[in-house]
Novice: 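Got a structure for you, written out below as structure tokens; questions coming shortly.
No experiment lies behind these values; they were computed from the predicted model shown. Order of listing sets the numbers, starting from 1, for every ligand and every atom in it.
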Amino acid sequence: MRRFFFDPSTRSGDRVQLSEEESRHISKVLRLKVGDSIELLDGLGGMYQAVIAAVGRQVEVHLEGLVAREAGVGKPLWVWQGILKGEKMDTVVQKCTELGVTGLIPFQSSRCQGKLDASRVRKKHERWQRIGLAACKQCLRLQTINIDMVATYAEALGKRSDDDTILRLLFWEEEKTTHLRDIGDINQADSIALMLGPEGGFSTEEVGQARLLGWRTVSLGERILRAETATISAVSIVQFLAGNV
Ligand code: SAH
């Protein structure tokens with residue numbers, strides 16, 4: 001069955017208008033017709049059986065009934081990610097979605113390669129959201145991944161900083177003593193935040209600033225992993241330790 005996302009705020013009774021992007025996919029790519037059945041996801045965990053009612057720039061759909069509701073997906077896990085170049089960031093968005101990350105907070109720090117201007121940032125954000133939605137459909141994740149706009153490092157550190165119930169782990173290539181196994185309380189934590197650097201890593205000052213806000217530095221082992229490998233590994237291990245798989 002073909003699956004599409006809709007914005008629940010556009011719902012009026014059992015009628016829903018799909019975004020232009022989802023509509024284009026339905027009418028131009030898949031050439032679906034009025035009367036065809038599809039599945040609609042509201043991004044909040046609800047999946048509906050639906051029938052196409054009108055095809056156009058914005059496809060109209062008639063909701064027939066809720067077929068599934070995804071309960072909470074374990075403890076919330078957020079990933080603060082230094083922006084990576086080109087497709088590596090796409091990979092991180094896709095894999096974090098599949099691995100059940102709640103939300104991604106992309107940031108630009110001192111060692112990010114190449115700075116993005118405002119219009120590039122907007123385009124990248126749209127692209128990551130598209131990749132996130134496609135990954136949700138593919139892996140049958142009913143609650144969308146939340147992807148923030150790109151922030152500066154200082155702004156990113158400020159996010160959720162007043163919530164002291166979050167276990168904050170900063171994966172630092174220069175941390176030699178504390179390993180993940182030394183963080184004993186991962187499955188006791190209410191929610192977890194992971195921070196991973198860009199290809200150039202973190203500066204000592206950046207690590208110092210994060211520590212002041214309660215981030216603990218952690219090693220992923222003696223080998224320096226490529227940034228995208230580090231994120232995928234850190235998320236996988238922490239999801240397991242947190243009891244989220
Ligand atoms: N350019 C840096 C490496 C950066 S790797 C250097 O040569 O030292 C990119 C990011 O992946 C790092 O900032 C960190 O968040 C993560 N990472 C890679 N290997 C790691 C390790 N062994 N332990 C902890 N984090 C690691």
Side-chain angles (χ1 to χ4, degrees), residues 75-116 121 124 128 131-132 145-148 150-161 166-187 189 191-242 244-245:
K75 296 179 190 32
L77 175 85
W78 291 282
V79 172
W80 271 243
Q81 174 70 57
I83 299 183
L84 308 179
K85 284 187 78 178
E87 289 183 3
K88 291 182 195 163
M89 194 66 187
D90 297 351
T91 303
V92 164
V93 171
Q94 185 190 62
K95 302 308 171 207
C96 282
T97 309
E98 291 171 41
L99 292 167
V101 168
T102 313
L104 204 59
I105 294 102
F107 62 85
Q108 251 181 337
S109 53
S110 64
R111 297 193 185 162
C112 280
Q113 299 174 3
K115 299 277 177 255
L116 298 173
V121 160
K124 288 264 181 197
W128 298 334
I131 291 171
I145 182 166
N146 191 59
I147 304 176
D148 282 11
V150 175
T152 63
Y153 185 64
E155 286 164 353
L157 276 187
K159 295 193 181 190
R160 298 179 188 274
S161 61
I166 302 177
L167 173 67
R168 293 184 169 76
L169 303 176
L170 184 154
F171 289 85
W172 190 27
E173 56 279 13
E174 288 180 41
E175 172 59 57
K176 300 295 173 226
T177 351
T178 308
H179 290 252
L180 262 175
R181 61 175 165 276
D182 304 316
I183 310 283
D185 39 9
I186 293 182
N187 75 26
S191 56
I192 303 165
L194 309 183
M195 172 135 55
L196 290 115
E199 291 92 339
F202 291 105
S203 70
T204 319
E205 296 75 51
E206 285 165 348
V207 171
Q209 289 161 11
R211 280 185 169 142
L212 287 176
L213 291 167
W215 290 85
R216 294 162 71 177
T217 50
V218 197
S219 166
L220 274 173
E222 283 178 14
R223 292 177 298 277
I224 303 283
L225 305 176
R226 281 188 183 269
E228 65 278 26
T229 314
T231 303
I232 296 168
S233 313
V235 170
S236 310
I237 300 168
V238 171
Q239 287 289 56
F240 174 74
L241 295 173
N244 278 356
V245 287

Novice: At what distance is the nearest protein heavy atom to atom 12 (C) of ligand 1, and which residue and atom is it?
Specialist: E173 OE1, 2.9 Å
Novice: Could you find the nearest protein heavy atom to atom 7 (O) of ligand 1 and give me its residue, atom name and distance?
Specialist: I224 CG2, 4.4 Å
Novice: Ignoring angles and geometry beyond distance, decide whether V218 reaches within less than 3.5 Å of ligand 1 through its nitrogen or oxygen atoms.
Specialist: no
Novice: Taking W172 for its side chain and V207 for its backbone only, find out whether a donor-acceptor pair lies under 3.5 Å.
Specialist: no
Novice: Nearest to atom 23 (N) of ligand 1, what protein heavy atom do you find, and at what distance?
Specialist: L220 N, 2.8 Å
Novice: Within the structure, is a non-hydrogen atom of P198 found at a distance of less than 4.0 Å from ligand 1?
Specialist: yes
Novice: Classify the side-chain pair T204/E206 by whether it contains a donor and acceptor separated by less than 3.5 Å.
Specialist: no
Novice: Rounded to the nearest 0.5 Å, how far does CG of N187 lie from CZ of F240?
Specialist: 10.0 Å
Novice: Which ligand 1 atoms are under 4.0 Å away from a heavy-atom of F202?
Specialist: 13 (O), 15 (O)
Novice: Would you mind checking which non-hydrogen protein atom is closest to atom 5 (S) of ligand 1, with the distance to 0.1 Å?
Specialist: L225 O, 3.4 Å
Novice: So does L77 get a backbone contact from the side chain of T102, meaning a donor-acceptor N/O pair under 3.5 Å?
Specialist: yes
Novice: Looking only at protein heavy atoms, which one is nearest to atom 14 (C) of ligand 1, and what is the separation?
Specialist: F171 O, 3.1 Å
Novice: Has R216 got a side-chain atom pairing as donor or acceptor with L169's backbone, closer than 3.5 angstrom?
Specialist: no
Novice: Please answer whether the main-chain N or O of E175 pairs with a side-chain N or O of E173 as donor and acceptor at a distance below 3.5 Å.
Specialist: no
Novice: Heavy-atom distances under 4.0 Å decide this one: backbone, side chain, both or neither, for E174 against ligand 1?
Specialist: neither
Novice: How long is the span from the OG1 atom in T91 to the CD1 atom in I232, to the nearest 0.5 Å?
Specialist: 6.5 Å
Novice: Quick one: nearest non-hydrogen protein atom to atom 11 (O) of ligand 1, plus distance?
Specialist: A230 CB, 3.3 Å
Novice: Can you tell me which residue and heavy atom of the protein come closest to atom 10 (C) of ligand 1, and the distance to 0.1 Å?
Specialist: G197 O, 3.6 Å
Novice: Among K95, R226, K88, Q81, exactly one meets side-chain hydrogen bond (donor to acceptor under 3.5 Å, both in side chains) together with T231. Which residue is that?
Specialist: Q81
Novice: How far is atom 2 (C) of ligand 1 from the closest protein heavy atom, and which atom is that?
Specialist: E199 O, 3.9 Å
Novice: Assess T229 for proximity to ligand 1: is some non-hydrogen atom of it under 4.0 Å away?
Specialist: no
Novice: Provide the number and element of each atom of ligand 1 under 4.0 Å from a heavy atom of G200.
Specialist: 1 (N)
Novice: Check for a donor-acceptor pair, side chain of E199 on one end and backbone N or O of K85 on the other, with a separation under 3.5 Å.
Specialist: yes
